[in-house]
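Right, one structure below, let's go through it.
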Amino acid sequence: MTVAPADNLVTVTIDGVEVAVPKGTLVIRAAEQAGVAIPRFCDHPLLEPVGACRQCLVEIPDAGNGRGFPKPQPSCTMTVADGMRVETQQTSEPAARAQRDVLELMLINHPLDCPICDKGGECPLQNQALEHGRGQSRYDGVKRTYAKPIPLSPQLLLDRERCVLCARCTRFAEQISGDPLIGLLERGAKQQIGAFDGVPYNSYFSGNVVQICPVGAITSQAYRFAARPFDLVSTVTTCEHCAAGCQLRVDHRHYEVKRRQAGDDPAANQEWSCDVGRFAFASARGDDRLTRPLRRGPDGLEPAAWPDAIDAVAAALSRAQGRVGLQTGGRLTLETALSYARFAHAVLGTADVDFRARPQSPEEAQFLAAAVAGRGPGQAVSYADLDRARRVVLVGFEPEDESPIVFLRLRRAVLRHGLKVQVVAPLLSPGSRKLSAQLIPAPPGAEAAALAGLEGLDADCVILVGERLAGSPGALSALLAVARSSAAAWAWIPRRAGELAALEAGLLPGLLPGGRPWDDPGARAQLAAAWGIENWPPAPGRSAVEQFQAVLDGQLSVLVLGGLELADLPDPALARRAIEKADFVLSLEQRRSEIAQLADVVLPVGLLEETSGTFIDWQRRFRPVAQVVDRPRSGLTEIRLLSVLAQALGSDLGWRDAAGAAAAWDGLPAWTGPSPAPPAVPVPAADRSAAAGAGLRLASWRELIDDSRRLDRADELAASARPVAVRLSPATAARLGLDRPGAGPVELVGPAGSARFDLVLDSSLVDDVVWAPARAPGDRSLAGLGLAPGDPVRLSSGGDQ
Amino acid sequence: MTQPLVPVLTANWGQERSWKLDSYVAQGGYRALRLALGRSAAEVMAEVKDAQLRGRGGAGFPTGLKWSFVPQDNPNPKYLVVNGDESEPGTCKDVPLLMASPHTLVEGVIISAYAIGAHTAFIYVRGEVLHPIRRVRQAVEEAYAAGYLGRDVLGSGFDLDIIVHAGAGAYICGEETALLNSLEGRRGQPRLRPPFPAVAGLYASPTVINNVESIASVPAIIARGKDWFTSMGTEKSKGFTIYSLSGHVAHPGQYEAPLGLTMARLLELAGGVRAGHQLKFFTPGGSSTPILTAEHLDTRLDYEGLAEVGTMLGTKAMQIFDETTSVVRTTLRWVEFYKHESCGKCTPCREGTWWLVQLLHKLEAGQGQDGDVDKLLSVCDDITGKTFCTLAEGAVACVTSAVRHFRSEFEVGYTTPAWEHLPYDASALFPVESEGGRA
C-alpha cells in the first residue's frame with residue numbers, strides 16, 4: 001500500500017482506538033485499520049459503495065464537528081472526518097442492536113438449506129448470523145420461494161431464495177469487467193438478480209461473482225456439490241494460464257483439485273481472476289493422461305518400462321551427437337526451463353533451443369534478447385504504472401483475450417483516473433470498447449508504421465505490445481525506436497505464463513540464461529564455468545521453425561519436444577513433416593497429443609499442480625508456484641526426468657528438483673556485460689496491393705476461450721466462448737457481395753484448406769481486412785488453413801451447398 | 001385569521017377551460033413571468049427566499065435556500081426538475097392542479113429556471129395519470145407557441161426548454177434521487193448522498209428538484225410580492241397551501257388556505273365528518289405521516305404545529321376516518337401499499353414491510369397470538385432509522401401511531417376478525433361488491 005502524505009491523513013477514534021487514515025476513507029475501512037470487523041454484505045473494497053444491505057450500521061456520536069448523528073449510520077458509505085468518533089457493535093449497544101435487527105430481517109426469507117449449500121461453512125451470512133444475530137428467529141410467517149436454481153449462464157446458477165440482494169455481482173459486472181449482463185429485476189420483496197432473456201451472462205470474468213457472493217446465491221456448475229469447504233485443503237499458488245501473474249487459491253480434496261479461486265494480490269490480480277484461471281483445471285483428468293512411458297514398436301506406441309524407455313532415449317540422443325533440436329513451449333516454470341537449458345547446453349551440446357510455440361521471427365529473437373531478457377521488476381513496467389499512466393497504447397495486444405487481468409487493471413484506470421487508451425489494431429474489439437479505447441486503425445503489417453507515427457508520447461505514457469508483433473516486420477524495432485525517442489515506458493506481454501521464465505533461462509536461440517548473449521565469449525565462459533560445459537556448437541542455435549527446416553535438410557536428426565501442440569506452431573504442416581522425418585523424436589507430455597502420437601518415445605511428465613517452482617509475470621516479478629497435490633499420478637517431474645536422462649547419458653544435470661534448480665539460478669552471477677544489439681528492421685513500405693482494394697488481408701488473434709486443450713473437461717467454460725465469426729467492414733462486405741441480409745456463412749480460403757464461418761459486419765474494421773479468430777472449434781485453426789495474420793486471404797460466399 | 005380560504009393556485013380552477021392558455025392569460029396568467037424577466041435572476045431568487053416559501057412536497061425545506069445551493073460556477077448545465085410523482089395514498093393536490101391549471105406550473109417553471117440559471121427543465125409526472133400528463137404537455141406546447149418557452153423567452157435573451165416525462169409507476173420515484181435515476185432511464189432506486197443533487201444531480205449536473213405546488217406558488221409570489229405572501233401563515237410557516245380532504249367527510253376536495261389553521265376549522269369548512277358519525281382518526285399529510293385523533297382537532301396545521309404532536313404536515317392530505325373504520329384494516333392497506341412500493345434496495349424496508357403485512361393480516365383475520373402487537377412494534381423498530389431512504393419511515397409511522405392510539409383494537413385481533421369487530425360495510429361510502437363478506 002502506498003503511504004499517504006501526512007497532511008492528507010485524518011484521525012478518527014473507533015471504539016476508543018485512534019487511527020490515522022487518508023482523507024476519504026470509508027468508516028468501515030478505517031475500522032479495519034483499528035482492528036474492528038464490522039459485519040457487512042454489500043460492502044466490497046474493490047466495488048463502489050452502495051449502502052444497500054444496512055448490516056454495517058454504527059453509531060457516530062461525533063462526526064468531527066462536535067455533533068453526532070441521531071440514528072445509526074452505514075459505515076460502508078460514510079467517509080471519515082477528522083476528530084470523528086465511531087462506536088461499533090463492540091462498544092455501543094444501539095449499534096449492536098441495529099445490526100442484530102437488520103440481520104433478523106436479512107434472515108426472515110433466507111432458506112435454511114445451509115447443509116446442502118456450496119457456501120455452507122465459508123458463508124459470510126452464516127458467520128455473521130452466528131456472531132451478531134439472534135439465537136432464534138421470531139419469524140413465523142411464510143417465506144418467499146422461487147424456482148431454484150435458474151441458470152445465469154452455462155456456468156453460473158442462481159438461487160434467488162438465498163440472495164440477500166447486496167448487488168455485489170451486478171456491481172462487479174458493471175464496474176469491474178464491464179459486462180453488465182446481469183442486473184436487478186422487479187422490486188420490493190420480489191427484487192431479484194437476473195440476466196436478460198436469451199442473453200446468458202457470458203463474461204470472461206463471470207466466476208468472480210461466485211466468489212464475492214456473500215451467500216450461496218450464485219454457484220458454479222464446476223464446483224456445485226463437489227466438496228464441503230471444511231474438507232478442502234487450500235494452497236496459494238500462481239496461475240499457469242497467462243503471464244498476468246495472478247495469485248490463486250487452489251482447493252483440493254482426496255488429491256484432486258476441486259476448485260480454484262482468486263487470491264488477493266494487490267500488485268497483480270487484486271481479488272479477481274479470469275474464468276480460465278478459475279475453471280480450467282481439469283484438462284488432464286481425461287483418458288488421455290499419460291502416466292507411463294510409451295515407446296514405438298511394430299504396432300505403434302506401446303507402454304514401456306521406465307528403464308527401457310530411458311535407455312532408448314539415451315541411445316538415440318548419444319547417436320545424434322548434438323544434432324538435437326529442443327523445443328519446450330511456453331508453459332514451464334523457471335526451474336524447469338533452466339533444467340532444459342542446462343540439459344541442452346551441458347548434456348546434449350546443442351544450442352538449438354526455442355520456447356516459442358507460436359509465430360516468431362529473427363527480429364523478435366533479437367528484440368527479446370536485447371530488450372526483454374535479464375530485466376528484473378525494478379526495470380520493468382508494472383500494474384501500478386498502468387494506474388498512474390496518462391495514456392496507454394496497445395499494439396498487437398488484445399488484453400481481454402491475451403492477459404485478462406491487464407484488461408481489468410486498464411479498465412479500472414480508465415474509470416477511476418481517466419486513463420486514455422489507444423489501440424493500434426484493425427478494429428475495435430469488445431475489450432477495446434469496454435476500455436473506451438481510441439482506435440488507431442492499422443491493417444495487419446502496418447503496426448510498425450503506426451508505432452513510428454505515434455505523437456505526443458512522453459514518460460507518462462506506456463506502450464503495451466503482445467507476442468503477435470513477432471509477425472509484423474519492423475514493429476518491434478519501431479517500438480524500441482519510439483520508446484527511445486519519447487521516453488515512453490513499454491512492456492512486452494506474452495500470452496503464456498512460462499515465456500518470460502523460459503527467456504530468462506535462455507531457451508531462445510542466441511541467448512544463454514540470465515540474458516547472456518550466446519555470441520559473447522565472456523558470457524559463454526561464465527556459463528561454462530558454472531555448468532561444466534566443455535564444447536560449444538559452432539553457431540548460436542536455430543529457432544523452432546529453423547529446427548524443423550534443419551531436420552528436413554538433414555542437419556538435425558533428433559527432436560526433443562516438450563508440451564507442444566501442433567496447431568500452435570506457426571507452420572503445422574512443416575512441423576509434421578519434420579517430426580515424421582526425424583530419426584528420433586522424444587515427446588515429454590502430460591497428455592497424449594498429435595505430436596506425442598508421432599514420437600518414438602513419449603515420457604509422461606507431472607502436472608504443474610504436482611510440482612513447485614516459479615513463474616515470472618509480465619511485470620518480471622517472481623511468482624511462486626506451490627505444489628498442490630503431493631501424490632502425483634505421473635512418476636517423475638520434468639526436472640527429475642531430465643536429471644535421469646542426463647545420468648543415462650553419462651552426464652549430470654547438477655540438480656534433481658526445483659529447489660536445486662532454484663539454487664543454481666540464484667548462484668548464477670548477474671550478467672553485467674554488453675547486451676546484444678537491438679533489432680533494426682526498417683518500417684516496411686505501405687502495401688499497395690491491399691490499399692488498391694485488390695485483395696483481403698487476414699487479421700487475427702487467439703480469443704481467451706477457444707478450442708484450446710486447456711479447456712478440456714471444463715465444458716461450461718468452453719460454452720461461454722464468444723460466438724465464432726469472421727468480421728468485415730460493411731464497405732468491404734459490399735465490395736465482395738457478402739452484405740446481403742441472411743447471406744449465411746462464408747468460406748475462408750487459405751493455401752492449405754478452407755473453413756466456414758458466420759459473418760459479422762463491423763463498422764470499426766479497416767477496409768479490405770478480414771478478422772478471424774485464430775482457433776475455433778471444428779478444425780478451423782487458421783494455421784491449419786496455412787494462414788497467418790497479414791497473409792492475403794480469400795473469402796467467398798459459403799452459399800448453402 | 002380573518003379569511004379562512006385564500007384561492008390563489010385554485011383561483012381559476014372553476015373557469016371555463018381553465019387549462020387553456022387563453023383562459024389562463026385572461027386571468028392574469030404569465031404577468032408574473034414578464035415581471036420576473038424584467039428583474040435579475042438574483043433578485044427573483046431573493047424574492048422567493050424572502051417570501052420564506054417552504055417545500056410543499058412534504059419535507060418543508062425552504063425553496064429559495066435550496067435554489068441558492070446550486071453552485072453558479074459549475075461548468076455543467078443546471079437543471080430544474082419538478083417532482084409531480086404524486087402517488088401517496090390520500091395525497092391529491094398536484095394532480096388536480098396539473099389537470100385544472102397546468103399553466104400555473106409552466107409559468108412557475110419558467111420563473112424558477114430563470115432564477116437558478118437553468119435552460120432545461122423537466123416535469124416528472126406520475127405515469128398513471130394520463131389525462132393530466134396530456135394537459136401539461138399541451139400547456140407546454142401552447143407556451144412554446146406563445147414564445148414563453150424556447151429560445152429568447154419573450155425577447156429577454158433567456159432560453160428554456162421544458163421536457164415533460166411520464167413516470168413508469170413507482171411511488172419511490174417521488175424520492176428525489178430515485179426520480180433522477182428514473183429520469184435518466186435507470187432503475188428507480190434512491191442514490192447515495194453525497195453528492196447532493198444541487199451539486200451532482202441529473203446527469204451529474206447541478207439540479208434543483210421541487211414539488212409541483214412549490215413551483216406553482218412562485219408566480220403568485222413574484223406577482224404579489226413577498227410581503228403579501230408572508231402576511232399569511234404562521235411564524236415559520238408562511239403563505240397558503242392546498243389541503244386535500246378525503247374519506248368520511250361531507251365535502252371532500254381541495255381547500256386552499258393559509259398555513260396554520262386548525263383541523264377543526266378545516267373540517268368545518270368541509271362540512272364536517274359525514275352525517276351521523278364522529279371523527280376517529282385522520283392523517284395530517286398523507287399515509288406516511290403518523291395519524292392523529294379527535295383530541296388533535298385544535299392542532300395548528302403547519303410544519304411546527306404538527307411536529308409538536310409527533311407527526312408531520314407532509315402533503316397536507318387529510319384522510320378522515322369515522323368511528324366505523326377498522327384501524328387494523330386501514331393500517332394493513334397502507335402497509336400493503338408500502339410493501340408493494342418498496343424498491344427493494346435495502347434490507348430493512350424490503351424484508352420488514354414483507355413481515356409487517358403478514359403480521360397485520362393475522363391480526364385482521366383474528367388469528368393473532370398473544371404478543372403479536374409487541375412483535376409488530378418491534379419489527380417497526382427493526383426497520384426505523386436503518387433504511388436507505390425515508391420511504392420505510394412512512395410505512396412504519398402509520399403502524400406505530402395506530403398502535404399508540406388504538407392498541408386495544410389491534411389486540412382484538414388475537415381473538416376476533418376485524419370485519420366482525422367493525423363490519424366493513426358500515427364504513428363504506430358507497431356500495432361495493434362484497435368480497436367474501438368483508439369488502
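Heavy-atom basis, side chains included; hydrogens, waters and symmetry copies ignored. Quick note on labels: first sequence line is chain A, next is B, and so on, each numbered from 1.
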Count the heavy atoms belonging to other residues, nucleotides or ligands that lie under 6.0 Å from [atom1] of [X], then report whether that count exceeds 12.
X        : atom1 : value
B:Arg186 : CZ    : no
A:Glu131 : CD    : no
B:Tyr203 : OH    : yes
B:Lys236 : NZ    : no
A:Lys148 : NZ    : yes

- Do you know which of B:His361, B:Lys339, B:Lys375 has the most heavy-atom pairs under 4.5 Å to chain A?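 Most pairs with chain A among the choices: B:Lys375.
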
- Query: Do you know which of B:Cys343, B:Cys349, B:Ala170 has the most heavy-atom pairs under 4.5 Å to chain A?
  - Reply: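 It is B:Cys343.
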
- Heavy-atom pair with the smallest gap, counting every atom of A:Cys53 and B:Pro348: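 Here A:Cys53 and B:Pro348 meet closest at O-CD, 4.4 Å.
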
- Item | Heavy-atom closest contact (A:Lys143 atom, B:Trp354 atom, distance) | C-CZ2, 4.0 Å

- Message: Quick check: under 4.5 Å, non-hydrogen atoms only, which of residues 95-110 of chain A neighbour chain B?
- Response: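 Result: A:Arg97, A:Ala98, A:Asp101, A:Val102, A:Glu104, A:Leu105, A:Met106, A:Ile108, A:Asn109.
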
- Could you tell me which portion of A:Val50 (side chain, backbone, both or neither) has an atom closer than 4.5 angstrom to a non-hydrogen atom of chain B? both

- Item | Residue part contacting chain B, namely of A:Pro74, when any heavy atom lies under 4.5 Å |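 When you check distances to chain B, no heavy atom of A:Pro74 falls under 4.5 Å.
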
- Reported SG-to-NZ distance for the pair A:Cys166 and B:Lys345, which is rounded to 0.5 angstrom: 12.5 Å

- Output the residues of residues 382-393 of chain B for which the shortest heavy-atom distance to chain A is under 4.5 Å, in residue-number order; output 'none' if no such residue exists.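 Only B:Asp382, B:Ile383, B:Gly385, B:Lys386, B:Thr387, B:Phe388, B:Glu393 of residues 382-393 of chain B have a heavy atom under 4.5 Å from chain A.
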
- Message: Does anything in residues 61-88 of chain A form a side chain to side chain donor-acceptor pair (under 3.5 Å)? List the pairs, not counting sequence neighbours.
- Response: A:Asp15-A:Thr88

- Message: For the backbone of B:His340 and the side chain of A:Arg187, can you confirm whether one donor and one acceptor N or O come within less than 3.5 Å of each other?
- Response: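 Here the side-chain-to-backbone pair exists.
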
- Query: Okay, side chain of A:Arg138, backbone of B:Val379: is any donor-acceptor separation there less than 3.5 Å?
  - Reply: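 Answer holds: no.
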
- Query: Between A:Met78, A:Glu186, A:Lys190, which residue shows the highest count of heavy-atom pairs closer than 4.5 Å to chain B?
  - Reply: A:Glu186

- Query: Taking only residues two or more places apart in sequence, or in another chain, which ones meet B:Trp334 in a ring pair (Phe, Tyr, Trp, His ring centres under 6.0 Å)?
  - Reply: B:Phe321

- Would you sort out whether B:Glu351 and A:Arg144 count as a salt bridge (Lys or Arg N to Asp or Glu O under 4.0 Å), showing the intermediate values? CA-CA 10 Å; B:Glu351 307 295 335; A:Arg144 180 175 57 219; 3.3 Å; yes

- Pairwise side-chain contact, B:Gln369 with A:Asp140, heavy-atom cut-off 4.5 Å (strictly under):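 Yes, side chains in contact.
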
